[in-house]
Amino acid sequence: VSGLAASSEKSSIFFCNTCRRTREHILRITQFRQDDLPIKYLGLPLITSRLTKQHCAPLIEKIQARVNNWATKTLSYAGRLQLIKSTLESLQVFWSSTFLLPSTVTKECEKLMRRFLWGGKGISFKQSLVKWSKVYLPWQEGGLGIKPMKS
């Protein structure tokens, strides 16, 4: 109706519990190629099993890379806080909108954010100035307004 058509070069089909004859018929009609899972789509892994820490490694690596890149710059606490809230939290929210992240992954992401906020580097450890539970509180309650990764 709209005149739009799916691109057969960019599209693929994933089958599950489908007989060979039906698969061949569908592939012939659509001119799409058959593909197998796991694959990446919009930077997220498409898998058939439960999400593991290994599947979430790209998320942790992306946060670590950003933190390491920013650590070379001279940033105030307020600057680091703003980067955490605007960028690092949004990476995690993007993944969490699709998956229920394992607790080990959320703890690792929080650890990277915490170390970056207080020390400026994701790999070095520096004593925090305020308890992380206090940091989670909204501005009105005396916190820094960072949203907790798990409810």
Side-chain angles (χ1 to χ4, degrees), residues 2 4-18 23 26-27 30 32-151:
S2 69
L4 298 176
S7 170
S8 58
E9 295 86 33
K10 297 179 182 177
S11 302
S12 56
I13 295 178
F14 302 91
F15 292 102
C16 178
N17 298 330
T18 310
R23 276 184 281 173
I26 292 170
L27 291 170
T30 61
F32 294 161
R33 62 181 157 72
Q34 181 177 348
D35 212 345
D36 297 315
L37 295 175
I39 64 163
K40 272 186 143 179
Y41 180 70
L42 297 176
L44 298 174
L46 293 182
I47 55 176
T48 57
S49 61
R50 182 178 214 156
L51 194 68
T52 64
K53 186 175 181 178
Q54 289 77 25
H55 293 123
C56 296
L59 170 64
I60 295 170
E61 290 167 4
K62 194 173 280 190
I63 291 174
Q64 182 72 54
R66 299 256 171 114
V67 166
N68 288 339
N69 187 28
W70 296 333
T72 60
K73 297 172 176 59
T74 306
L75 296 168
S76 65
Y77 284 115
R80 289 194 295 263
L81 177 64
Q82 188 60 43
L83 286 171
I84 288 171
K85 291 171 77 173
S86 64
T87 306
L88 300 183
E89 276 187 346
S90 62
L91 286 171
Q92 184 269 332
V93 166
F94 178 68
W95 278 66
S96 295
S97 65
T98 306
F99 299 116
L100 183 62
L101 296 176
S103 62
T104 54
V105 173
T106 57
K107 287 177 186 175
E108 182 69 23
C109 292
E110 286 176 347
K111 181 175 79 171
L112 291 169
M113 288 182 201
R114 190 170 45 246
R115 286 184 175 177
F116 175 65
L117 178 64
W118 300 124
K121 294 181 178 38
I123 52 174
S124 65
F125 178 74
K126 187 176 177 185
Q127 189 66 32
S128 61
L129 302 176
V130 180
K131 287 188 347 184
W132 198 243
S133 58
K134 183 89 169 164
V135 170
Y136 280 148
L137 294 175
W139 282 101
Q140 299 82 359
E141 297 177 27
L144 296 178
I146 294 177
K147 293 179 177 49
M149 290 193 161
K150 59 182 179 176
S151 314

Exercise. With side chains defined as the heavy atoms from C-beta onward, is the minimum distance between Leu81 and Ile146 less than 4.5 Å?
Worked result: yes
Exercise. Under 4.0 Å between a Lys/Arg side-chain N and an Asp/Glu carboxylate O for Lys111 and Glu108?
Worked result: yes
Exercise. If we only count heavy atoms from C-beta on, is the Phe116 to Leu75 side-chain gap below 4.5 Å?
Worked result: yes
Exercise. Does any non-hydrogen side-chain atom of Leu51 lie less than 4.5 Å from one of Pro102?
Worked result: yes
Exercise. Is the backbone of Cys16 close enough, under 3.5 Å, to the side chain of Thr18 for a donor and an acceptor to pair up by distance?
Worked result: yes
Problem set entry | Value rounded to 0.5 Å, distance of CZ in Arg80 from CE in Met113 | 15.0 Å
Seminar exercise, completed: In short, Phe32 meets Ala6 closest at the heavy-atom pair CZ-CB, 3.7 Å
For this session: For Arg23 and Phe15, indicate whether the former's side chain and the latter's backbone hold a donor-acceptor pair under 3.5 Å.
Result: no
Exercise. Within a strict 4.5 Å, meaning less than it, do heavy atoms of the Cys109 and Thr106 side chains meet?
Worked result: no
Problem set entry | CG on Leu117 to CG on Leu112, rounded to 0.5 Å | 12.5 Å
Side-chain donor-acceptor pairs of residues 87-94 under 3.5 Å, sequence neighbours excluded:
| residue | atom | partner | partner atom | Å |
| --- | --- | --- | --- | --- |
| Glu89 | OE2 | Lys147 | N | 2.7 |
| Ser90 | OG | Ser86 | O | 3.2 |
| Ser90 | OG | Thr87 | O | 2.6 |
| Gln92 | NE2 | Ser96 | OG | 2.6 |

Exercise. Distance only, no hydrogens: is a donor on one side chain within 3.5 Å (strictly under) of an acceptor on the other, for Glu141 and Tyr136?
Worked result: no
Seminar exercise, completed: Rounded to the nearest 0.5 Å, the NZ atom of Lys107 sits from the CG atom of Leu101 at a distance of 13.5 Å
Exercise. Counting heavy atoms not belonging to Lys62, are there more than 12 under 6.0 Å from its NZ?
Worked result: no
